[in-house]
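For reference, the structure is listed below as structure tokens.
All values reported here derive from a predicted model rather than from experimental measurement. Naming convention: chains lettered A, B, ... in sequence-line order (proteins, then strands); numbering from 1 in each chain.
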Amino acid sequence: MKEISLPQDIKDSMIEVEQIARNGCNLDYFPVMMNLVDAGTLMEVASYTGMPKRFPHWRWGMIQKSMEKQQDWGLSRFYELVINTNPCIAYLAEENPLVVQTMVMAHVYGHADFFKNNHLFANTNRNMHNSMSDHAERVTYYQQRKSIGQAEVEKFLEVCFSLENLIDNYALVFDARPLLDDEDIQTNVQAKNEKSCCTSGGCGTGACGGCDDTPSSKDSDDDYRLRVDKPYMDSFINTPEFIEEMRQKAARKKEKKKVFPSIPQRDILRFLIKHSEGMTPWQKDLLSMIREEAYYFAPQRRTKIMNEGWAVYWHRVIMEDYGLAARDDFIHYAKVNAGVLAMPPGNINPYAVGYMLWNDIKERWDKGKHGKEYDREKNVAKRENWDTGEKKGLEKMFQVRESMDDLIFLHEFLTQEFLEKNKFYSFDLDQRDNWYKITSRETDEIRNRIMAPLINCGEPMIEVLDGNYNNAGELLLLHTSYDGRILEKHTRIKTLKNLLKVWGRPVHVITVDKEKPVIFSCVNNTIKKTQLT
Amino acid sequence: MVTYGDANKKRFEDIVKGKLRKDLKDMISNPHITRRVKDGQVSIPLPQIDIPRFKPVFPEDEDGEGEGGVGQGQGNIGDKIAPGSPEDGEGGNKAGEGAGEHSLEVEVTIEELAQIMKEELELPNIKPKGKKRIYTEFEKYSGLRMKGPDGLMRFPPSYKNALLRQIASGEYDPDDPIITIRDQDKRYRSWKTTSKPESDAVIMHMMDVSGSMTEEHKAIARQISFWIDIFLRHEYKNIESVYIIHDTNAVEVDRHTFYNTTTSGGTRIASAYELCLQTINLRYNPSEWNIYPFQWSDGDNWGNNEPEFQLLNEIIPLVNLFCYGQIDIPWWSGKGSAPSWIREDYEVFGKYYRDLEEFKLLVTDEEKIRSARITGRDEIYSALKEFLGTGR
């Protein structure tokens, strides 16, 4: 790794940018460490998703090689990398001219502000760079142990990578270690449920974990009685037979509820680490490392558009409004900036969409283009020239950057007006002549197209239904296909086999195939398909 | 600071090679591979090296085709914005591999591939024959020197020297940086002359294009030729190819015609041998050239094969190796097993192979004749091993 100390000119402009960001823009961030590195190092760091060090694995080599190829072909370029740590670590590519470095540093302060203030990052491990190098040491240690060896570690890490998306992307708080027992979680949930609904008369539906226990403790006939408006009807409706039947029904229901886990678990990796019998201790350790790293990156996956847009917005403010761009090689700045914001046909560029949306928010709240009266106004010209002089744009922006993630952000601000103003369209492949053609300019269609891939970070919704399926300790997963998407065939087969390796007993997944519910079972490394009725 | 960057890359390359090694057999019979060679590189799809994950897809998009999206800009509904991926077919670069479209591809050089092939098929080094070894001399620019022609002056080191000299002597003025390169600063490229033993080879492809050779016959012939070509290119610096097609008469053609011609005539293998012998005598002096005739046929020959063997007796002493590939695709292939009564009849048709086996016993250079029967794509691998396993 080649690290170069910052030359004086870059240092000077860093201090200047920092001043503007802190005092001019009111950005709020942890201290930022700027590192100037050569292109090769930047690529290596990029293959580690920005971490200075990660455990050795050929997967990073593969990413590195494909990035090198892209760079050689001029398809993409890295200008900067910044990671969510305290202090915030950023890397600048050495070969950029000063004006680009300045812009990149302004961009970095935007990200640093977002990392510190967005609520999703509040519980991330700001010391992750050290945890990651700790992981690297542990992996190296396992590799050097004679009883394990490099090949075994490498192979098992491949299995781990294959399962790394099976986490609960919407978990707000992630405890990396120690893992709580399932029982602990259940009691927590029960305690909560009892407080919320059971004290207010019992919900009776059994939907919450706590309800069953409360009535059974003082099991009286009244619990099974139907409510009767006319008292004289009571002996006809609530006959002793009926009460007995209801009592048995409730008992059966309670029996049925004794599945394990009692509530479906979205955090599949956690369940595997906790309850699998197919893993040795070092394997469990590796899998929990991968889980920890996956959770660390989850907030970044959930705020890609906001985060990038935010950084672009502020680098433009710092560079253009404060005149830093005009001072130097302006053409170069303009060129790089245009490249960052380019929307190639058929692709959503998170930088561009995010930037446009932040700009739109600024304008709308500066001019008061929101609220009941504005929404009621149908006159296009009046809407266009609407200006109440509210000047609350910045305030709104800071509030949004704190409290939202991409889905809510788009849901809230990807308005019809915005889409029309910026001329968005949706397109599809026309099979007849093999051309991609514009198919719609409808708001709902475009909104769906943009937002659907962001649900659950684009990962399938899978949860553990049963850890003791068939009463034989088999694992049963449920894939919920909310939009008709199925699990892709080749990856499904291979991933199931990897799950089998980790669980050590047969693994089943309920999903949809050919529009029918099916269950795929992986037993003895072969896949079997059964129709569900 | 210790990093793993280069180690990771190295490990990835090793894994790719390991996978190639493991999949070589499938790869050798995969018809798509022949279209993937470009500029000395072969790009090979390796989807299995990618990390599998549960991935949601729309059922209709499972083959990776036709996904729509969102764009930005002018235009009315129905306007074309971009062409779809090219249609399947001969010309297409990514012809019909379904899920392969988005999968990982790795690029290996032909040398690497030949090396893997050599190791995996356990092929020996070829011992070039020819009394007269040819030495080629070539020049390689390998360093710098103080004197030389201006055309070979390298500017960057010369400039650096001038800059160093000016700074050292105090002539350099940062506000007015004028660098003057003097004679003593100039550096010129220097070269070394090395010589390397060199031997040339010619591959003579002969194919029966009579009506009984179907497209599949030719595809298999083409596939084997492709691999032979890769292997021999690894062994020899210069390779020439001669393509001869024949029915009852033989003509020399170009590569494209070779694989794309069908005539309705009968078959007289001797005609091809005549032309082959003639070409060797005229153009490829056996004392200078390593000669590799390969012959593809379905084994159906007119006559009693006597003239053929007489000609072979003349050809064998001139060449390194003579390979005969008899592509016997049973017409019932793909329709289950053959009815028992047909078996005998079928054997009679492809009898050239059997006769050649008998003929082999009579010649002194028995090792020089290699023959293989190929009844389907699965046997390409063993045929290659048979042909190239002699080290000649």
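- Contact tally against chain B (heavy-atom pairs below 4.5 Å) for A:L419, A:L496, A:V159, A:I438: the top residue is A:I438.
- Screening A:H57, A:E154, A:M62 for a side chain to side chain contact (heavy atoms under 4.5 Å, CB included) with B:R11, the sole residue that qualifies is A:E154.
- With a threshold of 4.5 angstrom between heavy atoms, B:N76 approaches chain A through N, CA, C or O but not through any side-chain atom.
- Using a 4.5 Å cut-off between heavy atoms, A:E515 makes no contact with chain B at all.
- Contact annotation for A:I493: neither backbone nor side-chain heavy atoms come within less than 4.5 Å of a heavy atom of chain B.
- Looking at B:I15, the atoms closer than 4.5 Å to chain A (heavy atoms on both sides) all sit in the side chain, from C-beta outward.
- Between the A:S162 side chain and the B:R53 main chain, no donor and acceptor come within less than 3.5 Å of each other.
- A salt bridge links A:K65 to B:E13: one of the charged nitrogens lies within less than 4.0 Å of a carboxylate oxygen.
- Between chain B and the options A:L166, A:T491, A:V512, A:V353, the largest number of non-hydrogen pairs under 4.5 Å is found for A:T491.
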Stepwise side-chain contact (heavy atoms from CB on, under 4.5 Å) check, A:W58 with B:D14 | CA-CA 9 Å; A:W58 60 260; B:D14 287 350; over 6 Å; no
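- Proximity to chain B is limited to the side chain of A:L499, based on heavy atoms less than 4.5 angstrom apart.
- Taken to the nearest 0.5 Å, the CD atom of A:Q64 stands 11.0 Å off from the CZ atom of B:F12.
- For A:E68 and B:K9, the salt-bridge test passes: some basic side-chain N is under 4.0 Å from an acidic carboxylate O.
- With hydrogens and angles ignored, the 3.5 Å screen pairs no side-chain donor or acceptor of A:E158 with any backbone N or O of B:I51.
- Judged by distance alone, the side chains of A:Y48 and B:N8 do bring a donor and an acceptor atom under 3.5 Å apart.
- Contact annotation: the side chain of B:K55 never approaches that of A:L487 to less than 4.5 Å [non-hydrogen atoms, C-beta and beyond].
- Interface remark: A:D483 contributes backbone and side-chain atoms alike to the contact with chain B (heavy atom separation under 4.5 Å).
- Smallest separation of non-hydrogen atoms from A:E459 and B:P56: C-CG, 4.3 Å.
- Interface remark: A:E442 contributes no atoms to any contact with chain B (heavy atom separation under 4.5 Å).
- With respect to chain B, the highest number of heavy-atom pairs below 4.5 Å among A:K514, A:K497, A:M356, A:M43 belongs to A:M356.
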